[in-house]
Enquirer: 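Have a look at this one before I ask anything.
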Amino acid sequence: AALRRTDVVLEVGPGTGNLTVKMLEKVKKVIACEIDPRLVGELQKRVQGTCLANKLEIKVGDILKTDLPFFDACVANLPYQISSPFVFKLLLHRPFFRCAILMFQREFALRLVAKPGTKLYCRLSINTQLLARVDHLMKVGKNNFRPPPKVESSVVRIEPKNPPPPINFQEWDGLVRIAFVRKNKTLSAAFKSSAVEQLLDHNYRIHCSLHNTVKKIQTVLKNTGYSEKRARSMDIDDFIRLLHGFNSEGIHFS
């Protein structure tokens, strides 16, 4: 994390504070978010009466329902069940932070860094990589934990792209969601589903008050050259070009 003396650090799920105390010694302030009141008590007890106490701020509650404070870096051994929603909450947070060093379940971490054409490449991969640079730092075997969990873990570094790409993320995610529902199908087939047609027809009428969406969708796919492509092998630039193609014909995804 390359923490600095002047840093404010966000930690999610501090538990009894093993990592928290190490960080408090190095930085200006740690904001620890914990959902379990019993663990909050343990953490408070641990720093009480020490010179670290005034550098620790504890927020009690569910991080997914809490407005994130200002911070320079996020360092956390996350509760694995909130991995995906927390990553996107982080990436859409403003003002920008410098980096996040997070421990995830191994497969989730590998999805974050997966490249087009590989087995684990999915909507999570492309959405994260659109908004951030992601690096897999190290593997953490289950025997490093007491008691050992059933899964292997990995530590990942996430650095948000600043400035972010000039894209409406809601629209982008709407397009990517459709493409990755059946990532091995051609886009031409994916866009023929009646639910997709209804959604885009509704959006199209809001924007243009016309009713020839189905033909238009296939025309855009053909004209952009993506009709026979499959989501699993398309990169960020491909999806940007495709989204631009749809938008320029008045077809929107949000």
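A quick note: this is a predicted structure, and the numbers were derived from the prediction, not measured.
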Enquirer: Distance check, rounded to the nearest 0.5 Å: Arg157 atom CZ versus Leu102 atom CG?
Expert: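 With rounding to 0.5 Å, CZ (Arg157) is 11.5 Å from CG (Leu102).
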
Enquirer: To check you understand the geometry: which heavy-atom pair defines the closest contact between Leu78 and Ser83, and what is its length?
Expert: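 Scanning both residues, the minimum pair turns out to be CD1-CA, 4.3 Å.
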
Enquirer: State plainly whether one hydrophobic cluster holds both Leu90 and Ile82, where clusters connect Ile, Leu, Val, Met, Phe, Trp and Tyr through side-chain heavy atoms under 4.5 angstrom apart.
Expert: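 Per the 4.5 Å side-chain linkage, Leu90 and Ile82 are co-clustered.
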
Enquirer: State the CG-CD1 distance between Leu56 and Ile31, to the nearest 0.5 angstrom.
Expert: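 So the gap between those two atoms works out to 9.5 Å.
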
Enquirer: For Lys222, look at atom NZ and say whether over 12 heavy atoms of other residues, nucleotides or ligands are found less than 6.0 Å away.
Expert: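 Count not over threshold, so no.
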
Enquirer: Is any side-chain heavy atom of Ser125 closer than 4.5 Å to a side-chain heavy atom of Leu120?
Expert: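 Side chain of Ser125 against side chain of Leu120, heavy atoms only: no contact under 4.5 Å found.
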
Enquirer: Hey, quick one: are Val9 and Leu39 part of the same hydrophobic cluster, counting side-chain heavy atoms closer than 4.5 Å, chains of contacts allowed?
Expert: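 They do not share one cluster, since no chain of ILVMFWY contacts under 4.5 Å joins Val9 to Leu39.
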
Enquirer: Distance under 6.0 Å and angle within 45° of the ring axis: does Arg106 meet both against Phe108?
Expert: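 Pair Arg106/Phe108 does not count as cation-pi.
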
Enquirer: Thr16 and Glu42: side chain to side chain donor-acceptor pair (under 3.5 Å), yes or no, with the steps?
Expert: CA-CA 6 Å; Thr16 56; Glu42 290 291 315; over 6 Å; no

Enquirer: Is the count of non-hydrogen atoms from other residues, nucleotides or ligands lying under 6.0 Å from Arg123 atom CZ greater than 12?
Expert: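 Yes.
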
Enquirer: Taking all atoms of both residues into account, what is the closest heavy-atom pair of Lys89 and Ile63, and its distance?
Expert: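 Heavy atoms of Lys89 and Ile63 come nearest at CE-O, 3.2 Å.
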
Enquirer: Is a side-chain N or O of Glu159 found less than 3.5 angstrom from the main chain of Cys99, in a donor-acceptor match?
Expert: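 Flag not set: sc Glu159 to bb Cys99 has no pair under 3.5 Å.
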
Enquirer: Please name the pair of heavy atoms, one in Ile158 and one in Phe97, separated by the smallest distance, quoted to 0.1 Å.
Expert: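 Looks like O-CE1, 4.3 Å.
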
Enquirer: Tell me whether Leu92 is reachable from Phe86 by hopping between hydrophobic residues (I, L, V, M, F, W, Y) whose side-chain heavy atoms are closer than 4.5 Å.
Expert: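 Yes, same cluster.
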
Enquirer: For Met23 and Lys26, run side chain to side chain contact (heavy atoms under 4.5 Å, CB included): C-alpha distance rounded to whole Å, both residues' side-chain angles, the deciding distance at 0.1 Å, then the answer.
Expert: CA-CA 5 Å; Met23 293 195 293; Lys26 287 181 173 295; 5.7 Å; no

Enquirer: Would you call Asp7 and Arg98 a salt bridge, taking side-chain N to carboxylate O under 4.0 Å as the test?
Expert: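 A salt bridge links Asp7 with Arg98.
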
Enquirer: Would a hydrophobic clustering, with Ile, Leu, Val, Met, Phe, Trp and Tyr connected at side-chain separations under 4.5 Å, put Leu10 with Val30?
Expert: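 As far as the 4.5 Å side-chain criterion goes, Val30 and Leu10 are not connected within one cluster.
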
Enquirer: Would Phe246 and Phe191 satisfy ring-ring contact (aromatic ring centres under 6.0 Å, His included), going step by step from the backbone distance to the final call?
Expert: CA-CA 12 Å; Phe246 277 119; Phe191 276 84; 5.2 Å; yes

Enquirer: Please tell me if the side chains of Val176 and Leu130 come closer than 4.5 Å, counting only heavy atoms from C-beta onward.
Expert: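 A side-chain contact is absent here, since even the closest heavy-atom pair is not under 4.5 Å.
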
Enquirer: Let me check something: do Leu124 and Ile178 share a hydrophobic cluster, defined by ILVMFWY side-chain heavy atoms less than 4.5 Å apart, either directly or through other members?
Expert: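 Yes, Leu124 connects to Ile178 through the hydrophobic network.
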
Enquirer: Can you list everything that forms a side chain to side chain donor-acceptor pair (under 3.5 Å) with Glu107? Sequence neighbours excluded, please.
Expert: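 For Glu107 the side chain to side chain donor-acceptor pair (under 3.5 Å) partners, ignoring immediate neighbours, are Arg111.
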
Enquirer: Would you indicate whether the side-chain heavy atoms of Leu187 and Met234 approach each other to under 4.5 Å?
Expert: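 When only atoms from C-beta onward are counted, Leu187 and Met234 do touch, with a gap below 4.5 Å.
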
Enquirer: With a 4.5 Å cut-off on side-chain heavy atoms, are Leu131 and Phe169 touching?
Expert: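 In short, these two side chains touch, coming nearer than 4.5 Å.
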
Enquirer: Looking at Glu57 and Lys29, is any side-chain nitrogen of the basic one under 4.0 Å from a carboxylate oxygen of the acidic one?
Expert: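 Looking at Glu57 together with Lys29, the answer is yes, because their closest N to O distance falls below 4.0 Å.
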
Enquirer: Walk me through whether Ile126 and Tyr121 qualify under side chain to side chain contact (heavy atoms under 4.5 Å, CB included).
Expert: CA-CA 8 Å; Ile126 194 164; Tyr121 187 64; 3.3 Å; yes

Enquirer: Determine whether more than 12 heavy atoms belonging to other residues, nucleotides or ligands lie under 6.0 Å from atom CD of Gln170.
Expert: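 Not more than 12 within 6.0 Å, no.
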
Enquirer: Please report the interatomic distance OG(Ser188) to CD(Glu228), rounded to the nearest 0.5 Å.
Expert: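 So the gap between those two atoms works out to 5.5 Å.
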
Enquirer: Side chains of Asp238 and Lys229: does their closest heavy-atom pair fall under 4.5 Å?
Expert: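 Not in contact.
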
Enquirer: Report yes if some heavy atom in the side chain of Leu221 is under 4.5 Å from a heavy atom in the side chain of Leu242; otherwise report no.
Expert: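 Counting from C-beta outward, Leu221 and Leu242 do come under 4.5 Å.
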
Enquirer: May I ask you to decide whether Asp235 forms a salt bridge with Lys115, counting only side-chain N to carboxylate O separations under 4.0 Å?
Expert: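 No salt bridge links Asp235 with Lys115.
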
Enquirer: Going through the checks in order, is the side chain to side chain contact (heavy atoms under 4.5 Å, CB included) test met by Val196 and Arg177?
Expert: CA-CA 10 Å; Val196 170; Arg177 191 185 294 260; over 6 Å; no

Enquirer: So with a 6.0 Å cut-off around CG of Asp67, is the heavy-atom count from everything else above 12?
Expert: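 Atom CG in Asp67 is not packed in, count stays at 12 or less.
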
Enquirer: So, do Thr224 and Arg241 sit near enough that their side-chain heavy atoms are less than 4.5 Å apart?
Expert: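 Heavy-atom side-chain distance check fails, nothing below 4.5 Å.
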
Enquirer: Between Asn247 (side chain) and Ile251 (backbone), is there a donor-acceptor pair under 3.5 Å?
Expert: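 Yes; at least one donor-acceptor contact below 3.5 Å.
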
Enquirer: Just verifying a value: how many Å separate Leu91 CG and Thr128 OG1, rounded to the nearest 0.5 Å?
Expert: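 So the gap between those two atoms works out to 6.5 Å.
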
Enquirer: Would you find more than 12 non-hydrogen atoms of other residues, nucleotides or ligands less than 6.0 Å from Arg133 atom CZ?
Expert: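 Not buried by this count: 12 neighbours or fewer within 6.0 Å.
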
Enquirer: What's the spacing between Gln129 CD and Lys161 NZ if we round to 0.5 Å?
Expert: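 Separation between the atoms: 8.0 Å.
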
Enquirer: When rounded to the nearest 0.5 angstrom, what distance separates CG in Asn144 from NZ in Lys139?
Expert: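 Reported value, rounded in 0.5 Å steps: 13.0 Å.
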
Enquirer: Should Glu34 and Leu43 count as side-chain neighbours, where that means a heavy-atom distance under 4.5 Å?
Expert: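 The answer is no; the side chains never approach within 4.5 Å.
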
Enquirer: Are Arg94 and Asn162 close enough that a side-chain donor and a side-chain acceptor fall under 3.5 Å?
Expert: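 Distance-only check fails for Arg94 and Asn162.
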
Enquirer: Which atoms form the tightest heavy-atom contact between Ile101 and Leu137, and what is the distance?
Expert: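 In terms of heavy atoms, the two residues are closest at CD1-CD1, 4.1 Å.
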
Enquirer: Would you please classify the geometry between the Trp172 ring and the Phe239 ring as parallel, tilted or perpendicular, with 30° and 60° separating the classes?
Expert: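 Plane angle over 60°, so perpendicular.
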
Enquirer: Mind running side chain to side chain contact (heavy atoms under 4.5 Å, CB included) on Glu25 and Leu52 for me, showing each step along the way?
Expert: CA-CA 7 Å; Glu25 291 162 358; Leu52 303 177; 4.3 Å; yes

Enquirer: Write down the atom of Lys142, the atom of Lys150, and the distance for their closest heavy-atom approach.
Expert: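 For Lys142 versus Lys150, the nearest heavy atoms are NZ-O, 3.5 Å.
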
Enquirer: At their closest point, which heavy atom of Arg230 faces which heavy atom of Lys185, and how far apart are they?
Expert: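 Distance-wise, the nearest heavy atoms are CG-O, 3.4 Å.
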
